[in-house]
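Quick notes on the structure that follows.
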Amino acid sequence: MPELPEVETVKRTLEPLVKNKMIRDVEVFCPKLIQNLEPVAFREKLRGRTIKALARRGKYLLFQLDAGLTLIVHLRMTGQLTVNDRNVPLNKHTYVVFHLGSEEDLRFTDPRKFGLLYLVPTGRFEEIKGLSGLGYEPLSKEFTLESFRQLLAGKKGFLKAFLLDQSKIAGIGNIYADEILFEAGLHPQRDLRTLTEEESDRLYHTIRHKLAEGIRYRGTSLRDYVDGRGEKGGFQEKLNVYSRRGEPCLRCGTTLQRIKAAGRGTVFCPRCQH
DNA sequence: AGTCAAACCTGGGCGC
DNA sequence: TGCGCCCAGGTTTGAC
């Protein structure tokens, strides 16, 4: 599931492959994926554009184009963005193909067709609710310990729900939420109001540490996720709890439990997490 | 403000 | 081997 570390890895691997390349033509095989335009308009506006830079915000990937346009992609759960040689046959779930000026394609592949693509004037992100409503970029300078304390102040509810709330902190999904909570030693159903200052400070540092670690290992490839070159990440080898239901806790040996928290499958250690 | 479920979609894992 | 059921999950939406 592409979360912040996966999208960041896609961005970093894709950028050198597409930067300053021209989009010669576009083919759309699944119109519903393009959120704000008809496929014909999407194609017309993109033809001849040059990709100037890539950026990431939360789990959104932004392609900054010339002519004041930005192509925005959300991979949701099974989306992939890869650069392929034109001769490589299309995957049966490749639904958008950007023909680059060279002999290569930028391809959007998504077995579940959950991904989202938008083409908007640069900076005009209001119409994309999920993007304009994002909270702190957790690895940025702006996300300080003080700002985190203020985010928590007066809030109630489950800790897990808070971590998944993109309007507070952008980019954490189910995998990293579980991993952060394990490392911080906090129960996913802990009520925010009961956190001590020491616990919330520890949580802040763990959020930054786990996301940075995920990037360092180039993301988590449990099923579909690959980077811009089509290569799997390595963080699945480092998971402490996610997808390890029924297995022993790596810290204390207790059998890991699975519950539903914030509507999500949640794995945790009943002994290490309070 | 918060919680929860449904919707979108399809491959994979499971039981039989 | 094969069928069919159910689940996974990011985000939005709508009901309580």
Side-chain angles (χ1 to χ4, degrees), chain A residues 1-8 10 28-36 56-62 72-81 91-96 108-118 125-135 137-138 150-181 187-195 211 214 219-226 232-233 235-236 239 241-247 256 258-268:
Chain A
M1 278 49 71
E3 305 178 22
L4 187 152
E6 289 74 33
V7 180
E8 179 64 25
V10 171
V28 177
F29 304 114
C30 180
K32 60 152 263 191
L33 293 176
I34 317 299
Q35 300 300 302
N36 65 333
R56 179 193 57 75
R57 179 82 174 95
K59 302 173 193 172
Y60 288 82
L61 196 55
L62 291 80
I72 297 166
V73 181
H74 195 302
L75 301 172
R76 297 292 274 277
M77 288 168 312
T78 52
Q80 303 176 342
L81 266 177
N91 180 293
K92 73 168 173 175
H93 299 299
T94 297
Y95 296 120
V96 185
F108 179 79
T109 305
D110 188 356
R112 290 184 206 176
K113 301 181 186 167
F114 271 23
L116 312 167
L117 290 88
Y118 305 82
F125 302 143
E126 310 85 31
E127 65 175 292
I128 307 171
K129 263 195 176 170
L131 179 58
S132 58
L134 288 177
E137 198 56 53
Q150 280 174 18
L151 269 188
L152 284 170
K155 295 289 185 327
K156 55 181 270 187
F158 289 159
L159 205 36
K160 170 114 179 195
F162 173 79
L163 289 180
L164 292 174
D165 186 343
Q166 303 299 302
S167 72
K168 306 286 193 305
I169 303 170
I172 299 173
N174 211 27
I175 297 175
Y176 291 90
D178 281 8
E179 294 300 315
I180 288 164
L181 290 170
H187 194 290
Q189 290 176 315
R190 186 71 179 278
D191 190 304
L192 291 175
R193 293 171 297 187
T194 70
L195 286 181
L211 294 174
T220 306
S221 292
L222 285 170
R223 275 176 60 172
D224 303 277
Y225 167 72
V226 292
K232 289 183 183 300
F235 200 63
Q236 62 278 8
L239 298 176
V241 285
Y242 186 86
S243 84
R244 296 195 62 240
R245 168 193 11 197
E247 293 178 38
L256 297 178
R258 188 170 198 281
I259 56 171
K260 228 172 175 84
R264 291 290 150 59
T266 300
V267 185
F268 71 105

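Below, chains carry the letters A, B, ... as their sequence lines are ordered, and counting in each starts from 1. Values below: every heavy atom of this structure, side chains too, minus hydrogens, waters and symmetry copies. All figures in this text were calculated on a predicted structure; none of them were measured in a lab.
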Nearest-nucleotide comparison on DNA chain B, the residue closer to the 5′ end among Lys155(A) and Arg112(A): Lys155(A)
Would you say Leu4(A) and Ile172(A) make side-chain contact, with heavy atoms under 4.5 Å? no
What is the distance, to the nearest angstrom, from the CG atom on Leu61(A) to the P atom on dG10(C)? 17 Å
Can you see whether Tyr95(A) has Lys113(A) sitting over its ring - NZ or CZ less than 6.0 Å from the centre and within 45° of the normal? yes
Round to a whole Å and report the spacing from CG of Leu33(A) to P of dT11(C). 16 Å
Rounded to whole Å, NE2 of His93(A) lies from C1' of dT10(B) at a distance of 7 Å
Within less than 4.0 Å of OP1 or OP2 of dT11(C), is there a side-chain N or O belonging to His74(A)? yes
Counting just side-chain N and O atoms, does Lys260(A) come under 4.0 Å of either OP1 or OP2 of dC4(B)? no
Spell out, as yes or no, whether a donor-acceptor pair under 3.5 Å connects the side chain of Lys59(A) to the backbone of Gln166(A). no
With side chain to side chain contact (heavy atoms under 4.5 Å, CB included) as the criterion, how do Leu61(A) and Leu75(A) come out once you've worked through the C-alpha distance, each side chain's angles and the decisive distance to 0.1 Å? CA-CA 8 Å; Leu61(A) 196 55; Leu75(A) 301 172; 5.6 Å; no
Would you say dT13(C) has OP1 or OP2 under 4.0 Å from some side-chain N or O of Lys129(A)? yes
Using whole Å, what does the distance between atom P of nucleotide dT12(C) and atom CZ of Arg76(A) come to? 7 Å
In whole angstroms, how far is the C1' atom of dG9(C) from the CG atom of Leu4(A)? 17 Å
dG10(C) phosphate, OP1 or OP2: any side-chain N/O from Gln166(A) under 4.0 angstrom? no
Can you measure Leu163(A) atom CG to dT3(B) atom P for me and round it to whole angstrom units? 13 Å
Which is more 5' along DNA chain B, the nucleotide nearest Ala261(A) or the one nearest Phe114(A)? Just name the residue. Ala261(A)
Which is more 5' along DNA chain C, the nucleotide nearest Met77(A) or the one nearest Ile128(A)? Just name the residue. Met77(A)
Run the ring-centre check on Tyr242(A) versus Phe235(A) and record whether the distance is less than 6.0 Å. no
According to a strict under-4.0 Å criterion, is Tyr242(A) in side-chain N/O contact with OP1 or OP2 of dG9(C)? yes
Under 4.0 Å between a side-chain N or O of Lys32(A) and OP1 or OP2 of dC9(B)? yes
Can you tell me the distance, in whole Å, between the NZ atom of Lys113(A) and the C1' atom of dG11(B)? 13 Å
Closest-nucleotide 5' rank along DNA chain C - winner of Gly130(A) and Thr78(A): Thr78(A)
Quickly work out the Asp191(A) CG to dG2(B) P distance and round it to whole Å. 10 Å
Describe the nucleic acid contact of Arg193(A) in one word from base, sugar-phosphate, nothing, applying a heavy-atom distance below 4.0 Å. nothing
Mind checking if Phe162(A) touches a base, just sugar-phosphate, or nothing, with heavy atoms under 4.0 Å? nothing
Would you say Arg223(A)'s side chain and Tyr225(A)'s backbone share a donor-acceptor pair under 3.5 angstrom? no
Check: Arg223(A) side chain, dG12(B) base, donor-acceptor under 3.5 Å: no
